[in-house]
Structures are given as structure tokens and as C-alpha cells.
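Worksheet for the structure shown next.
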2 protein chains.
Amino acid sequence: MRQPAGRSARRSGGERKPREERWAELIEVATQVFYEKGYDGASLQDIADRLGMLKGSLYYYIQSKEDLLFDVISAVHKQGLEVVRGRADVPGGPLDKLESVIVGHVEHTCRNLVPTAVFLHELSALPVERREEILGSEHAYQGVFRDLVEQGQAAGQVRADLDPRLAALSILGSTNWVYRWFRPGGTFTPEQIGAEMAEMAIRGIATEDVLKARTA
Amino acid sequence: MRQPAGRSARRSGGERKPREERWAELIEVATQVFYEKGYDGASLQDIADRLGMLKGSLYYYIQSKEDLLFDVISAVHKQGLEVVRGRADVPGGPLDKLESVIVGHVEHTCRNLVPTAVFLHELSALPVERREEILGSEHAYQGVFRDLVEQGQAAGQVRADLDPRLAALSILGSTNWVYRWFRPGGTFTPEQIGAEMAEMAIRGIATEDVLKARTA
DNA sequence: CGTTGTACCTACCAAACGGTAGAGTGGGAG
DNA sequence: CTCCCACTCTACCGTTTGGTAGGTACAACG
């Protein structure tokens, strides 16, 4: 099949959309298609079909398929990073901050499930340079968590024998994994999930003193 | 380019390999290629090239590309499940079992990094029926963890207010995430990582009593 | 020596892929 | 009324894809 050719004769009614609005639609549709089929499994034909557009017309908006993935991923990553960094600035001790960060991170993941899944799953489809352009060479996300763990250790609130990087990766693992099982309308709300996960994570790394104070 | 045609005239020397040995090579190469390029991004041409074989010849061994992915994934999943189930039968209380399960799971992941990554990353490339054929309809892996959490609660060793499924998913998240950052020869050995992660996970869900006893 | 079966090659398909060039087409501005 | 240009379509390209049909060299066996 060269081109569908069926739905030609100009989409009836002919509601023309302005550039910005159409671009937003493109990103949204592309995100959804990448989510369903993966980057390599998705074709520009799929995306164009859902937009009621022909494949070639997409190139009025994009330069390449890869650009599309890049835009999808960098948008959601930037957004998430802002959330997490904002939460790290909340008043209180390191553990209070960490709690806020975890809750914020989980909520953001749940509320942006599809783009987040694309980010976490398809990042590897980008060439290394563009990947690092997004992540920042020293893994910004991971850094926020690790820094808070270290601050917690300095304050005597986190077990000193713990490796901060390992602890950060453990917490990031459990929270990032959420994108694989969370479905809106399930048993728990994003807030509940965030709260429970924060509780587990913090108890997992805290010193005895903190735990006693926390329970009391 | 139709076919390379360069290395024709029958692979010189002509060391013929018996079926079983060649099959093992195929699986190993396919696993590696799927790991590097993803299932959709990998082509049978890639795989055949690395085997020093022509694309068409692969069909002497397989029926379809999908079969290859299925075999890779189901093998490593079965193996991992055996490890985890075996560890769950270790003598001791629920938390001792859970600790052993976590350590075993992490070690297995680290020692089978490439196939595990393919399993966790490309499972979604399989059609639902075959996916469920592997996982078992009620998520066998997750079940092991959840059961242990519930047993822990029954024994008063795990906080009663915790949702067992959520706890299991949290633990599975942090341990499964390991495939994304572990590299052999890094700072930590699989044993160390397993031990630390088990410690964090168990402290995260245990009751105060258990924690006091654990420290002492 | 002839037969048989294994393991691979040759040569090909139709379909789909990402991408390009250029021709409309309709609405808004002058 | 006209002209412009934002936006989409038509028609195509070269390449690669998963997959197939039939042939062939070789070793083992009777």
C-alpha cells in the first residue's frame, strides 16, 4: 500500500488548525503511539493516521522521527525534574525533604503516566549525545536523591554505613517502577502510593533514633 | 544490497556445528542483539551476520523472529523464578525468607544482566497471550514477594497497616531497577548490592519490635 | 557406491519503512 | 479582487524488513 488514498479529497469541513495547536496534538499523539508500540515499532504512518493527516505532511512540523521522540522525552523529563527540585527546597530536615521529593516524584509519574513510560522505556532509542543532553551528564535526577541521602547522613538521620548512591538507586527504582503497574482508577490514588513509598524508603535508610522519634 | 554475497563460497574450513550447539549460539547472539538494539530495532540480518550465516538460514532453526524473543525471555524468567522460589523455602521466619529471596533475585539479575534486561525491557513486544504464558496469569514473581509480606504481617513482623501488594511492588521495583545501572566490575559486587537492598527493604516494612531485635 | 538427511546458501517476494519534492488549496490581509 | 503563505496532499525514492522456495555441499550409513 503506497498511501491509503481512501480519505482523500480533503478532510471534509476543512477545519484548519493553527500551528501551535497542531504541534501540541502531534506531540500528544506521538507520545501515545510510542507508548503503545515502542519507538521502533511505531511508524510515522500510525501517527499521521491518528492525526487525520498523510505521512508526508508530518515533515512540515518535524525534521525527523527522532526529533519527535526527543521532544516527547525531554519535555516530561524537564517537568519531572522541576517538580523534584522544587520539592527538595521545601522547609525542614533532609528526611522531610526526601519525603516530599518522593511523594512529588510518584505523583508526577502517576499523573503523567504515558509520557513518563515513554521516557523511561524509549530513552535508550536515542543516540547517546541526545540522551545525555536530556539527562545532564551527571544524572540530575539521581543526584537530587543522593544529595538528600548524604545530607541525612551528615545530620545523623540516615545510617552512616549506607552507600548514598546505592540508597538513591534503590529509592529511584521503587518509585520509577510505578509506571509499570499503576493504572488510574485502581485501588490507590497517586497520593497514597507516594506516601506509602516514602514511608518505606525513609524507614529503610533512617537511623534508630529517627525511627523512635517518628513513631512517637 | 540484496545479500552481502561477500562471504559466500561456503564459510571456509567449513566447520559444521551440530544442531544443539548452534541453537545455543543463536539464542546467545539473539539475546545480545536484542539487548543492544531492542526487539523491534534488531533485524534478523544483524543476528545472522554475527553468526556468520545468511538471514534465510536462520529459518532452519526458527519459525519466526518472535519465537526467538519468546525463547530468550521465557528461559531467563523461568530460571529467575526457580531461584526466587527456592530461596523462599529457606528455613527461618518470613523476614529471613524475604531477605534470602531479595538477595537471590538481585544476584541472579546481576549475573544474567543481558537476558534479564531483554526480559524486563522487551516483554511488551510479545503479544499478550505469549506474555501471559510466561508470567503466569497471576504474576508468579510478584506473588512470591507478596506472600512473604503477608506471612510477615501474620507473624507480627511486618507493619499491619501496609498493603502487601504495594510493599511487594516497591521491593520488586528497587531490585528490578538494578538491571539499569549495574555493570560488572563496578564498585559493588552482586552480593553486596543484594545484601544492602534486602536490608533497606526489610527495615522499610518491619515493625518496631523486629527492628529493635535486629539491631541488638 | 548410492542414498539420506543435516546444515546452510541462492535468489527472490511483497510490504513497509523514513524521508523528499513539488503541486495544490483555502483563508486572511492588503 | 488579488496575492500570499500556512498547511496539506500527491507521488515518489531507495532501503530494509520478515519470510519463502528450492537448491547444494558434505558426512554418515548401509
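Just so it is clear: chains get the letters A, B, ... in the order the sequence lines come, proteins before strands, and each one is counted from 1.
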| Can Asp40(B) and Lys65(B) be counted as an ion pair, charged N to O under 4.0 angstrom? |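 Answer for the salt bridge query: no.
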
| field | Ion pair Glu191(A)/Arg111(A), N-O distance below 4.0 Å | value |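 Looking at Glu191(A) and Arg111(A), the cut-off is met.
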
Between [atom2] on [N] and [atom1] on [X], what's the gap in Å once rounded to a whole number?
X: Leu44(B); N: dC13(C); atom1: CG; atom2: P; value: 20 Å
X: Ile47(A); N: dA16(C); atom1: CD1; atom2: P; value: 17 Å
X: Leu58(B); N: dT17(D); atom1: CG; atom2: C1'; value: 13 Å
X: Glu20(B); N: dA7(C); atom1: CD; atom2: C1'; value: 15 Å
X: Leu69(B); N: dG18(D); atom1: CG; atom2: P; value: 13 Å
X: Glu21(B); N: dA7(C); atom1: CD; atom2: P; value: 11 Å
X: Gln63(B); N: dT20(D); atom1: CD; atom2: C1'; value: 13 Å
X: Glu25(A); N: dT8(D); atom1: CD; atom2: P; value: 9 Å

Between [options], which one does the side chain of [X] approach most closely?
X: Lys55(A); options: dG19(D), dG18(C), dC8(C); value: dG18(C)
X: Tyr59(B); options: dC9(C), dG19(D), dC17(C); value: dG19(D)
X: Ser43(B); options: dG19(C), dG19(D), dG18(D); value: dG18(D)

| Does a sphere of radius 6.0 Å around CD in Gln151(A) hold more than 12 heavy atoms from other residues, nucleotides or ligands, not counting ones at 6.0 Å or beyond? |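 For Gln151(A), atom CD is crowded (more than 12 foreign heavy atoms under 6.0 Å).
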
| message | Students often get this wrong, so: under 4.0 angstrom with heavy atoms, is Ala42(B) touching a base, only sugar-phosphate, or nothing? | response |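 Ala42(B): backbone/sugar contact only, no base atoms under 4.0 Å.
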
Can you check whether [X] has a side-chain N or O nearer than 4.0 Å to OP1 or OP2 of [N]?
X: Ser57(B); N: dC9(C); value: yes
X: Tyr60(A); N: dC9(D); value: no
X: Arg22(A); N: dA6(D); value: no

| task | Return the orientation label for the His77(A) and Tyr141(A) ring planes: parallel under 30°, perpendicular over 60°, tilted otherwise. | result |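 Because their plane-to-plane angle lies in the 30° to 60° range, the rings of His77(A) and Tyr141(A) count as tilted.
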
| Any N or O donor-acceptor pair linking the side chain of Lys65(B) to the base of dG19(D) at under 3.5 Å? |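 No pair found.
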
| field | Residue among Glu36(B), Glu25(B), Glu28(B) satisfying salt bridge (charged side-chain N to carboxylate O under 4.0 Å, His left out) with Arg50(B) | value |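 One option only clears the test, and that one is Glu36(B).
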
